[in-house]
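First listed ligand is number 1; within each ligand, the first listed atom is number 1. Computation of the quantities below employed the complete heavy-atom set of this structure, encompassing side-chain atoms and omitting hydrogens, waters and symmetry-equivalent molecules.
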Amino acid sequence: MKPPARLESLHGTWLGHDIPFSFDAKSRLWYALAGVSLETAPGTYAIELTGETVAGKSAGTKLSFSRKFAIARGKYPKIEVKLSVEGKFTEPNPEQQKQIEEGQQVKKDYLNRLTSQREWSGPFATPADAAISDVFGSQRIFNGKTSSPHLGLDFRVPSGTPVAAMNDGTVLLARPLYFEGNFVVLDHGQGLLTLYLHLSEFKVKEGEQVKRGQVVGLSGGTGRATGPHLHVAVRWQGNYLDPASLLRLRLP
Ligand SMILES: [Zn+2]
């Protein structure tokens, strides 16, 4: 967006989120990434912006203004699912229940991280060169019962297919969890994470820095999966966003 004056810095708050902006010298525009959860009610929401002016007499002056964004209702498919998952996922025994709870704790501890530094730059790249087998937001009907919406994007890949980092970042998690199977999470900074599930093999370690396109693991069918496929998810400041939308964005 173009602010009313030349700025040194720009920062926004929107729907309870802190949104840091970056300046793109080529287009001379300020930009930031933000998203809404599937639960957000359609409507118009204002982003409150604060900037600091650059140079001249008024240097360092704080400038406040706002812009409005409309959020419309999305359309998501309903899919009848014939395949079933193993009983250990629908009726876990006490030992399995313990592993489930450990997994929930790991996700609680790691997936809400918000670092101030941005590590991603430029457009996001597809994690696998393959067909999409299930889109974000679809409601899957298992045995006549509607399950919670699908919060990721599925790629139809056989086991052993290289899975690429969608952008630059730091490996936040690379470990097996009960439902996710072998699970890689990349932290791209400013609360943006990409998640790669059901891998057969890890190609990165926690704490390692990765570049866009770098292989982070091989696809598989570990954890709660009806067969080998790649499930990727995008999390931004606690909300799951549509990975396909992120992949379509033209970012500087
Ligand atoms: Zn999936």
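Ring geometry for H198 against H231 counts as perpendicular: the plane angle is over 60°, on a 0 to 90° scale with 30° as the lower cut. Using bins of under 30°, 30° to 60° and over 60° for the plane-to-plane angle, the ring pair F124/W120 lands in the tilted bin.
Taking backbone and side chain together, H229 holds no N, O or S atom under 2.8 Å from the Zn ion (ligand 1).
Considering only heavy atoms from C-beta on, V171 comes within 4.5 Å of V210 through its side chain.
The angle subtended at the Zn ion (ligand 1) by ND1 of H231 and NE2 of H150 is 100°, given to the nearest 10°.
Within D154, the N/O/S atom positioned nearest the Zn ion (ligand 1) carries the name OD1.
E101 and Q105 share no donor-acceptor pair across their side chains, judged by distance under 3.5 Å alone.
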